[in-house]
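This report refers to the structure that appears directly beneath it.
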Amino acid sequence: MTTRRSHIAHALLSGLTLLMLTVACERKDLYLRVDQTQIDIAVYDIRLELLWGMSWHTEWQYEWDEELYGPIGYTMPHYVRASIYDVDSLHDYSRTNCYTRNFPASGGRVSLNAGAWYDMLFYNTGTEYILFDQSTDYAYYHASTRTSDYVPVISRGEHDTPQGTEPFDYVSYKQPDELFGTFLEQLLVSEDPTDYDKITDEETGEIVYVYNINAQMNPYSFIYMLQVMVVNNVDSVGPIISVKRALAPGDTVRCASSGMTLTGVAKGVDLFTRQTFSEAASITVDEGDIRYMKPKDDLTLPDGTHTHGDIFAARVLTWGLPGIDPLWEWEQMRDSVDSRSSSSRMPTLTHRNKLGVRFWLRNGYSHVEVFDVTDQLRSHPAGGIITVVMDAREKISDEELEQKDPDKGGGFDASVGDWGNEMDADITI
């Protein structure tokens, strides 16, 4: 295992310990049987204060009801899959054979040979949307997702493509599940009896030799909490940005948006290297996953201004930014004196990150606003709080509010075209 991977995110988890147990079976104490190797797995929680920074509670101002919406942070897996590879230690340490086992969180038993070299990949099972793809020569192990049925809020953006290339249409991909794991590279199962701890098995009473291997389960997918602040949301008539009309008489969908699209995130990740794909993708959050708009008397804007306003929010999972190891970037940024200079040195990030939000207006029409959130994502490569501010009175024209009968056609075109409604929000990090 490289030095970089060995110490990455040591503060994220208390640890995942693999206990390799060999049974003596009434032989001499130092005789090790290698066909009774036990792997015990313990997984611990990820502390968002360490991953997102201690200030995230202050930055996050939406009242998130975990009983209704689910937890903000990561949840614990129940099962873990182990992919164990024989390694050609006489030549190039390439991976040759592979076998897999699924374990409950408490672990299981496999056969390993003392004196042999192995690579071991562990990740949680039970995912719904993730596609896994391992090459036939075991050179890579990719995780990605399929395209989504959700229609992107942003459909075209020429400013989001590298210079000299043609604009492209955004295609939304499904959010990944929560995925975390660890990869142990070039692990030698020791033949030295002094490397083993001698214990008595609690169930059988037999003498057991324990070979301890310490590893850490770190995230492969990263959570961003999107909060949209709406200020000056009233004119002489009433609220400008409102909630969608009733689904049935007397019922109201208290969401101010029918969708959000986040652009410029990675399409997938290599589980061996933790490097994300260089190809950029978009993720669209549908109306059903956007939480209700709520008034807030003391709303603190990113520039420190205190005002009255409205706020709504969404939780989105991504693979992180394209072409990087998000945890390594996070660690470098954490240890850097100037995090902004650290975040600006990512040469592979050719795409800007845009957050397109479709707002509901009081007349039933919608309005799309596009926010540049590039600096925020680069300052939070391993997830965190993303905040944008919408000034309703400034951005919504009288012509839009005066339109009538939205169900009969017309309305605001969700295609942004040449980014005429783009809003570059000044965000204080």
Side-chain angles (χ1 to χ4, degrees), residues 5 8-9 12-13 16 43-48 50-53 56 69-81 83 121-134 140-148 150 172-183 215-226 260-286 289 314-331 333 349 353 355 373 376-378 380-386:
R5 282 199 296 270
I8 268 186
L12 292 182
L13 300 176
L16 174 150
V43 184
Y44 296 91
D45 195 11
I46 298 174
R47 298 177 56 189
L48 295 182
L50 298 175
L51 190 60
W52 292 359
W56 83 266
Y69 309 146
I72 288 180
Y74 293 90
T75 55
M76 300 302 298
H78 298 291
Y79 296 95
V80 174
R81 173 169 295 173
S83 294
L121 174 67
F122 296 88
Y123 61 88
N124 58 289
T125 62
T127 57
E128 182 177 0
Y129 299 110
I130 296 178
L131 304 174
F132 295 98
D133 176 29
Q134 180 173 222
Y140 65 78
Y141 204 133
H142 288 168
S144 61
T145 61
R146 294 184 175 89
T147 57
S148 170
Y150 295 150
S172 287
Y173 284 78
K174 292 182 182 294
Q175 298 182 42
D177 304 271
E178 294 178 18
L179 183 69
F180 43 88
T182 187
F183 178 57
Q216 293 171 334
M217 292 275 280
N218 301 316
Y220 285 114
S221 57
F222 301 94
I223 302 168
Y224 286 101
M225 299 302 296
L226 311 176
M260 302 182 187
T261 297
L262 180 64
T263 75
V265 293
K267 284 187 177 180
V269 65
D270 188 324
L271 301 185
F272 290 148
T273 65
R274 292 191 174 273
Q275 191 85 358
T276 58
F277 292 4
S278 58
E279 297 87 356
S282 298
I283 291 177
T284 295
V285 183
D286 189 59
D289 293 320
R315 179 181 185 268
V316 61
L317 274 157
T318 77
W319 297 116
L321 296 172
I324 65 170
D325 178 340
L327 284 180
W328 187 82
E329 296 289 353
W330 166 83
E331 186 179 55
M333 199 169 299
L349 300 180
N353 299 108
L355 178 62
V373 293
Q376 292 192 69
L377 264 70
R378 293 190 182 187
H380 298 83
I385 309 302
I386 305 299

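Just so you know, these numbers use all the heavy atoms, side chains as well, and skip hydrogens, waters and symmetry mates.
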Listed partners of [X] passing side-chain contact (heavy atoms from CB on, under 4.5 Å), at least two apart:
X      : value
Asp286 : Tyr150
Ser144 : Leu131, Phe277
Phe132 : Tyr123, Thr127, Ile130, Tyr141, Ala143, Leu179, Leu271
Ala314 : Met260, Val285, Ile290

What residues, two or more places apart in sequence or in another chain, satisfy salt bridge (charged side-chain N to carboxylate O under 4.0 Å, His left out) together with Arg315?
-> Glu178

Tell me, please, which residues at least two apart from [X] pass side-chain hydrogen bond (donor to acceptor under 3.5 Å, both in side chains).
X      : value
Lys174 : none
Thr261 : Thr284
Glu279 : none

Side-chain contact test, heavy atoms from C-beta onward, threshold under 4.5 Å: evaluate it for [X] versus [Y] and give yes or no.
X      : Y      : result
Gln275 : Trp328 : no
Tyr224 : Val265 : no
Phe222 : Leu327 : yes
Leu321 : Pro326 : no
Thr147 : Tyr173 : yes

Please round to the nearest 0.5 Å and tell me the distance separating atom [atom1] of [X] and atom [atom2] of [Y].
X      : Y      : atom1 : atom2 : value
Asp177 : Tyr129 : CG    : OH    : 7.5 Å
Leu50  : Trp330 : CG    : CH2   : 6.5 Å
Phe272 : Leu121 : CZ    : CG    : 5.5 Å
Ile283 : Leu317 : CD1   : CG    : 8.0 Å
Tyr220 : Arg274 : OH    : CZ    : 4.0 Å

Hey, does the side chain of Thr276 reach the backbone of Gly323 with a donor-acceptor pair shorter than 3.5 angstrom?
-> yes

Are the side chain of Trp52 and the backbone of Ile385 linked by a donor-acceptor contact shorter than 3.5 Å?
-> no

Residue among Leu377, Asn353, Val316, Leu262 satisfying side-chain contact (heavy atoms from CB on, under 4.5 Å) with Ile386 | Leu377

Shortest non-hydrogen pair, Arg378 vs Pro381, comes out as O-CD, 3.6 Å

Closest approach of Pro322 and Gly264, non-hydrogen atoms and distance?
-> CD-O, 3.3 Å

Under the ring-ring contact (aromatic ring centres under 6.0 Å, His included) rule, collect the residues that match up with Tyr69, sequence neighbours excluded.
-> Trp64

Under the ring-ring contact (aromatic ring centres under 6.0 Å, His included) test, residues paired with Trp319 that sit two or more places apart | none

Mind checking whether His142 and Tyr140 have parallel, tilted or perpendicular rings, split at 30° and 60°?
-> parallel

